[in-house]
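Down below is the structure, laid out as structure tokens.
In each ligand, atom 1 is the first atom listed, and ligand 1 is the first ligand listed. Values reported hereafter were calculated over all heavy atoms of this structure, with side chains retained and with hydrogens, waters and symmetry mates removed.
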Amino acid sequence: MAAASGGSGAGSCFVLGASGATGRALLRELQARRLFARVTVIGRRRLSLAEESGTAVEQVVVDFERLSEHAAAFRGHDVGFCCLGTTRSKAGTDGFVRVDRDYVAQAAELAWAGGCKHFVLQSSQGANEHSRFLYLRVKGEVEKLVRAVGFDRCTILRPAAKEIKTKLGTLLQKPDSAIDFIVPYPEKPEKPAKAQKPSPEEALQWRDSLEKLLQNPYGLASFRSFLRSEFSEENAEFWVACEDYKKTKSPVKMAEKAKRIYEEFIQTEAPKEVNIDHFTKAMTMKNLVEPSPSSFDMAQKRIFALMEKDSLPRFVRSEFYQELIK
Ligand SMILES: NC(=O)c1ccc[n+]([C@@H]2O[C@H](COP(=O)([O-])OP(=O)(O)OC[C@H]3O[C@@H](n4cnc5c(N)ncnc54)[C@H](OP(=O)(O)O)[C@@H]3O)[C@@H](O)[C@H]2O)c1
């Protein structure tokens, strides 16, 4: 899916909303980094795209009110990026719901039917299907619809406009162009700076033991970097935070850390909310009434199991790991 370094990328992706602030920046990155062999922009109008060096972009113009008639545009892509959206002031209430929820959900269905494995949706901070605010409610509803489609991977980004602006100032040249967090797929995991590279024999053990991989500083750093490229770094970050938490001696520090971990990873709509079931979440919250070294054990185990089942096999297949064991 993602390209190798220096990249003639493999696979195909499409971008919805490529004319918008976020979509434009995403498209530039996709082209410049040559992450995919094929990049298709699907939009309601043809764009005059500046000559960028990198992957050429195909364009397909569709009528979003008759999206099902354009199933072919969504066929054969590995990854779909969706930066579609409007506002109530531009489109009215019904128009906003139509674009931000219905068009997105229909596009996701078509993408899935067309073989897409990974859908990346730009939603919004605070998205919540039960919110009394229309914007947040619609974002919550669309997230739910997209998640239900059944992609192998579904990534939902929840930026805050404020955050974007702050980051933009330092990270991007043009203040009106988009964002850094959506820039995915570093061509190769960053090399861990200080950790010593393992021998191939040592690295081979990681195939069958996530525990050994995580206990090795080089392994942990590589794995985190890999997860970052897959938008799921929060799992490893949570695991690391729990390890640190368990070693904390001072009860005061432990309580502070428990609060931080809860706010960062556990609570609903936390910035790096990890995917744990209701029961585990409820048990964890109960444990936090009186924090102890084992307060997060259950949640940490769940996330470990998730990474073991889901991310480790992909890490092991990655070019980076294959090089390590040579
Ligand atoms: N940028 C932010 O700070 C931020 C923060 C939080 C969440 N978000 C969310 O991220 C998404 C993208 O934001 P953005 O700032 O990049 O938006 P944007 O600049 O307004 O771009 C919106 C994109 O959606 C397309 N679009 C709008 N109405 C359409 C319609 N009726 N039919 C077909 N396409 C339509 C636009 O195409 P045209 O060019 O043809 O109009 C454009 O490509 C939105 O859902 C937004 O709510 C953005």
Any N or O of Tyr103 that comes nearer than 3.5 Å to an N or O of ligand 1?
no
So, regarding Ser124 and ligand 1 (criterion: nitrogen or oxygen to nitrogen or oxygen, under 3.5 Å), is there a contact or not?
no
In ligand 1, which numbered atoms sit nearer than 4.0 Å to a non-hydrogen atom of Thr22?
1 (N), 12 (C), 13 (O), 14 (P), 15 (O), 16 (O)
Suppose the criterion is salt bridge (charged side-chain N to carboxylate O under 4.0 Å, His left out): which pairs have a residue in residues 126-147, not counting sequence neighbours?
Asp100-Lys139, Arg101-Glu141, Glu129-Lys144, Glu143-Arg158
Does a salt bridge link Glu256 with Lys259, judged by any charged N lying under 4.0 Å from a carboxylate O?
no
Nearest option to atom 40 (O) of ligand 1, as decided by whichever heavy atom of Arg45, Gln125, Arg46, Arg158 sits closest
Arg45
Pull out every atom of ligand 1 sitting under 4.0 Å from any heavy atom of Gln122, numbered as shown with elements.
8 (N), 9 (C), 10 (O), 11 (C), 12 (C), 13 (O), 48 (C)
Give the atom numbers and elements of ligand 1 that come within less than 4.0 Å of a heavy atom of Ala21.
15 (O), 16 (O), 18 (P), 19 (O)
Do Gln31 and Leu27 have side chains that get closer than 4.5 Å, going by heavy atoms?
yes
Ser209 side chain to Gln205 main-chain N or O, any donor-acceptor pair under 3.5 Å?
no
Should you measure from each heavy atom of Gly17, which atoms of ligand 1 turn up under 4.0 Å away?
23 (C), 43 (O)
List the steps, then state whether side-chain contact (heavy atoms from CB on, under 4.5 Å) holds for Lys212 with Gln215.
CA-CA 5 Å; Lys212 286 197 173 134; Gln215 297 300 351; 5.8 Å; no
Note: Arg33-Glu29 ion pair, threshold 4.0 Å (strictly below)
yes
Do the non-hydrogen side-chain atoms of Lys117 and Val79 ever get within less than 4.5 Å of each other?
no
So the atoms of ligand 1 within less than 4.0 Å of a heavy atom of Leu84 turn out to be 11 (C), 24 (O), 25 (C), 34 (N), 44 (C), 45 (O)
Salt bridge or not between Arg314 and Asp310? Use side-chain N to carboxylate O under 4.0 Å.
yes
Is it true that Arg24 lies under 4.0 Å from ligand 1, counting heavy atoms only?
no
Which option out of Arg101, Lys90, Arg98 puts a heavy atom nearest to atom 20 (O) of ligand 1?
Lys90
Who gets closest to atom 36 (C) of ligand 1 by heavy atom: Ala18, Gly126, Ser19?
Ser19
Taking ILVMFWY side chains as joined if any heavy atoms are under 4.5 angstrom apart, and letting links pass through other members, which residues group with Met283?
Phe279, Met298
Per-atom contacts of ligand 1 with Lys139, taking only distances under 4.0 Å to non-hydrogen atoms:
44 (C), 45 (O), 46 (C), 47 (O)
Numbered atoms and elements of ligand 1 in range of Phe64, under 4.0 angstrom, heavy atoms
33 (C)
Can you find a non-hydrogen atom of Cys83 under 4.0 Å from ligand 1?
yes
